[in-house]
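As structure tokens, the structure follows; a few thoughts come after it.
Letters A, B, ... mirror the listed sequences (proteins, then strands); counts begin at 1. Quick note: numbers below take in every heavy atom, side chains included, and nothing from hydrogens, waters or symmetry partners. Given the structure is predicted, the values throughout are model-derived calculations rather than measurements.
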There are 2 protein chains.
Amino acid sequence: MVDVDLPDCGVARFLLLFDGPWATLIIRELLHGPQRFGELREALPGISAHTLTNRLRLFESRGLLTRTAFPEIPPRVVYELTDLGRSLRPVLDAMYAWGKAAPVSAFVPASDPA
Amino acid sequence: MVDVDLPDCGVARFLLLFDGPWATLIIRELLHGPQRFGELREALPGISAHTLTNRLRLFESRGLLTRTAFPEIPPRVVYELTDLGRSLRPVLDAMYAWGKAAPVSAFVPASDPA
DNA sequence: TGCACCAGTTACGTCAACTGCACTAACGGG
DNA sequence: CCCGTTAGTGCAGTTGACGTAACTGGTGCA
């Protein structure tokens, strides 16, 4: 039973880690600098605490970011990208550039009236 | 009711189009050149005809690729990226580079024995 | 005594992407 | 007459990312 689940292709590997819509957006926010849990939640309108926690924990376990909890009341937790996490910047930049350059028609569900 | 569903951020827009794991991989294959339906299916082990059709049709409707059906028997259909589709190459390249450079530990589910 | 605060956690349900299998049309070759 | 070929389609079912609602813990403030 070798690790069949690890594809050779770099693109496929990347996609293993960035499944849902939020995974990538969390990295995008963290590229702006270290952020607290609540700051991330505000920066990502619509995300649930559940999802945010899950993704954050996943990325921490994979070495993309660090979690620093300060033993204070009320608690304060700061998330910060590691070097590996920061190395995602070119990918995000490329996505951003494409998303900005592509015509709106590439994103609308169909010939969407009004 | 304006188009609320179209985010400003380029990254978020990109993610609107590339939801599932296959969407991106189909583009990756098409970057190698025009391909027939069957060629794509072989190049993407595990994909179902259903999924392939759906993604292809979506991308066609969004202007990322063209679908050319030759009125032959047996039928032959060729898919080819448009300029817009080809402009995704930098994004895919960045993903590939990251996926290749990142340590395996970033992809394994946990401290995976054996 | 009780509420607010932050950063979660737990239980449950939803939704869309995806899968497998069976099936189709139309024709050439045996 | 039947088989094989290509590019799908339809139906049923599964998976996993995600959402909502309720709740926790320890302290400051009223």
Would you say [X] and [Y] make side-chain contact, with heavy atoms under 4.5 Å?
X: B/L56; Y: B/L40; answer: yes
X: B/F18; Y: A/L15; answer: no
X: B/I26; Y: B/Y79; answer: no
X: A/T24; Y: A/R28; answer: no
X: B/Y96; Y: A/V91; answer: no

Output a table of nitrogen or oxygen pairs between the protein and nucleotides 6-13 of chain D separated by less than 3.5 Å.
| unit_1 | atom_1 | unit_2 | atom_2 | d |
| --- | --- | --- | --- | --- |
| D/dT6 | O3' | B/R36 | NH2 | 3.1 |
| D/dT6 | O3' | B/P75 | O | 2.8 |
| D/dA7 | OP1 | B/R36 | NE | 3.1 |
| D/dA7 | OP1 | B/R36 | NH2 | 3.1 |
| D/dA7 | OP1 | B/V77 | N | 3.2 |
| D/dA7 | OP2 | B/G38 | N | 3.1 |
| D/dG8 | OP1 | B/R67 | NH2 | 2.4 |
| D/dG8 | OP2 | B/Y79 | OH | 2.6 |
| D/dT9 | OP1 | B/R57 | NH2 | 3.2 |
| D/dC11 | N4 | B/H50 | NE2 | 3.2 |

>> Would B/L64 and B/L58 count as a side chain to side chain contact (heavy atoms under 4.5 Å, CB included) here? Give the steps.
In response: CA-CA 9 Å; B/L64 297 190; B/L58 174 70; over 6 Å; no

> Going 5' to 3' along DNA chain C, which nucleotides are the first and last within contact of chain A (any atom under 4.0 Å from a heavy atom)?
Replying inline: C/dC6 to C/dA11

> How would you list all residue pairs meeting salt bridge (charged side-chain N to carboxylate O under 4.0 Å, His left out) that involve residues 79-92 of chain B, not counting sequence neighbours?
Replying inline: B/D83-B/R86

>> By the salt bridge (charged side-chain N to carboxylate O under 4.0 Å, His left out) test, which pairs, at least two apart or in different chains, include something from residues 35-49 of chain B?
In response: none

>> Using whole Å, what does the distance between atom P of nucleotide D/dT5 and atom CD of B/E42 come to?
In response: 12 Å

> How many Å lie between CG on A/L58 and P on D/dA17, as a whole number?
Replying inline: 9 Å

> Are the side chain of A/K100 and the backbone N or O of A/M95 linked by a donor-acceptor pair below 3.5 Å?
Replying inline: no

> With respect to the phosphate group of D/dG19, does any side-chain polar atom (N or O) of A/S48 fall under 4.0 Å of OP1 or OP2?
Replying inline: yes

> Which ones in residues 8-18 of chain B lie close to DNA chain C, meaning a heavy atom under 4.0 Å from one of its atoms?
Replying inline: none

>> Categorize B/I47 for me: base, sugar-phosphate, or nothing, with a 4.0 angstrom heavy-atom threshold over every strand shown.
In response: sugar-phosphate

> Who pairs with B/R57 by salt bridge (charged side-chain N to carboxylate O under 4.0 Å, His left out), at least two apart in sequence or on another chain?
Replying inline: none

